[in-house]
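Structure record follows, encoded as structure tokens.
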Amino acid sequence: MTPVKTAMIIGGGIAGPVTAVALRRAGIEATVYEAYGDTASADAAAGVLNIAPNGLDALRVVGAEEAVCEIGQPTRDMVFENGRGRRLGTAAGLSDLPPTRTVRRADLHRVLHEHAIARDIRIEHGKRLVDAHRTPAAVTAEFADGTTASADILIGADGIRSTVRTLIDPAAPEPRYTGLLGFGIGDYVAGDGDPEAHPSTMHFAFGKRSFFGYWTQSDGSIALFCNLPHEPISTARARAIPAEEWLRRLREAHRGDVPAERVLREARADSVLVAGPMELMPPLPHWHRDRLVLVGDSAHAPSASSGQGASLAMESGVQLARCLRDIDDPAAAFAAYERLRRPRTEKIAADAAKTNNDKAAGPAAKAMMGLLMPIMTRTFLTPERMFGFAQRHRIDWDAPVAE
């Protein structure tokens, strides 16, 4: 069969540009089609995320590691606390790996887009996919603005509510709500930072009513995120509630929590990011069909608790490009790609689901955790056991992929 020479990538977030550059390196011309009119629109409600060492390795393959490291704050260590500020345990980063980078999603999008454009990747905005028509030799995408485009294959990098996923499998499962709403308080937090907090340390705290995390930024202020137990609600409905109301609820939920109570007291409503429901994708029956295939969150979105969503998306883009480089038949290439990726992504997603359960635990369970966590982190819950599987993953770009 004729090797794949052209690809359409639906979605210009994180997986899209990385996959496009990896395909370019594999000798495949790719165009990215983004639903939003511009990158700024896509980033309007963006927050922060982590790029783990395995994600940095994937970025190295496409030549973007240095640019992303420049915009990210190194995060080496983790501290676990209760809501009163009592330390329950620590977990140092793996010393032989580069530190995780905490980056603003908007900055990451900008850098990845600039990196792709510098490598002659075409990114078209305002292109919302509505359908795809397949023939034995090609696929044609139909967009909401009435335009069409064709290529050898179509790649869905269009996120957890993927249109491409429904075209591959109309019966595919929907994203599953974890029971937690995500919020961020970021660059607009006023006041002094925590004198005991180091900029390279991320703190995770089991508050009495809501889980939260915080870290000291380079300017000394504290950035905060909260995972608030809440009944099911859509992102649109959550964002329709005034920020002043959410800030009131967060202040109530974190009354008595250290330092969340102080940070929220000093925060302004316009600094509240409503990330919306924390969701994950259940395992999908099908990652590909004919000349359509999924990459990133459209195929394997773990919840944000994994700290791996962006990194796994980058890995998948690179691995898909390797498979298409080495295997002429698209169906066989897609099958090899799924074989390489599914076990890893499903294990990380399952581990994150367990973390979500801990975050949403009731008072009795949190009290028990407070007793057990110091023992666990001093004995068997080592950094290697916590992070090794996810973070040590490396992609050998030069190794051939077998069918």
Within-4.5 Å side-chain heavy-atom neighbours: M386 and T382: no

For the student: nearest non-hydrogen atoms of G13 and P17, plus distance: O-CD, 3.4 Å

Side chain proximity check, P285 to P173, heavy atoms < 4.5 angstrom: yes

R84 side chain vs V258 backbone, donor-acceptor pair below 3.5 Å: no

Whether R325 side chain and L320 backbone form a donor-acceptor pair below 3.5 Å: no

Note: K208-D257 ion pair, threshold 4.0 Å (strictly below): no

Geometric class of the F204/F211 ring pair [parallel <30°, tilted 30-60°, perpendicular >60°]: parallel

Backbone N/O of L284 and side chain of R342: donor-acceptor pair under 3.5 Å: yes

Parallel, tilted or perpendicular: rings of H288 and F334 (30°, 60°): tilted

Any I155 side-chain heavy atom under 4.5 Å of I10 side chain: no

Residue pair E81 / H203, side-chain donor-acceptor N/O under 3.5 Å: yes

Atom of L280, atom of P302 and distance for their closest heavy-atom approach: CB-C, 4.1 Å

Salt-bridge present (R161, E279; N to O < 4.0 Å): yes

Check: V62 main-chain N/O paired with H115 side-chain donor or acceptor under 3.5 Å: yes

R134 (side chain) donor-acceptor with V139 (main chain) under 3.5 angstrom: no

Donor-acceptor contact present, side-chain S316 to main-chain A313, <3.5 Å: no

Gap separating the OG1 atom of T6 from the CD1 atom of I153, nearest 0.5 angstrom: 8.0 Å

Stepwise salt bridge (Lys or Arg N to Asp or Glu O under 4.0 Å) check, D145 with K127: CA-CA 7 Å; D145 63 0; K127 298 294 182 180; 2.8 Å; yes

Any side-chain donor near an acceptor of the partner, S298 and S162, under 3.5 Å: no

Cation-pi geometry met for R392 and F387 (6.0 Å, 45°): no

Step-by-step salt bridge (Lys or Arg N to Asp or Glu O under 4.0 Å) determination, R248 to E252: CA-CA 6 Å; R248 185 194 67 77; E252 175 63 24; 5.9 Å; no

From R265 atom CZ to L250 atom CG, the distance as rounded to the nearest 0.5 Å: 14.5 Å

Check against salt bridge (Lys or Arg N to Asp or Glu O under 4.0 Å), E174 and R176: CA-CA 6 Å; E174 294 292 322; R176 191 171 70 222; over 6 Å; no

Backbone N/O of I51 and side chain of S311: donor-acceptor pair under 3.5 Å: no

Heavy-atom closest contact (Y177 atom, L180 atom, distance): CE1-O, 3.2 Å

A171 backbone acceptor or donor facing D169 side chain under 3.5 Å: yes

By side-chain hydrogen bond (donor to acceptor under 3.5 Å, both in side chains) - contacts of E261 (at least two apart): none

Test item: W287 and H300 side chains (from C-beta on) under 4.5 Å apart, heavy atoms: yes

Y36 ring center within less than 6.0 Å of H125 ring center: no

Donor-acceptor under 3.5 Å (R239 side chain, V274 main chain): yes

Side chain to side chain donor-acceptor pair (under 3.5 Å): pairs with one or both residues in residues 51-64, sequence neighbours excluded: N54-Q308, N54-E315, D57-R60

M8 side chain near Y33 side chain, heavy-atom distance below 4.5 Å: yes

R105 side-chain N/O to I14 backbone N/O, donor-acceptor pair under 3.5 Å: no

Carboxylate-amine/guanidinium contact E245 R249, below 4.0 Å: yes

Separation of L292 CG from I168 CD1 (nearest 0.5 Å): 5.0 Å

Student check: side-chain heavy atoms of V263 and E266 closer than 4.5 Å: no

Between T100 and T75: side-chain donor-acceptor atoms closer than 3.5 Å: no

Beyond-backbone contact of I222 with I185, side-chain heavy atoms, under 4.5 angstrom: no

Under-4.0 Å salt bridge between E124 and R122: yes

Can I get a per-line list of side-chain donor-acceptor pairs under 3.5 Å for residues 393-403, giving both atom names and the distance, sequence neighbours left out?
unit_1, atom_1, unit_2, atom_2, d
R394, NH1, Q391, O, 2.9
D396, OD1, D398, N, 3.3
D396, OD1, A399, N, 3.4

Side-chain touch F183/L273, heavy atoms, less than 4.5 angstrom: no

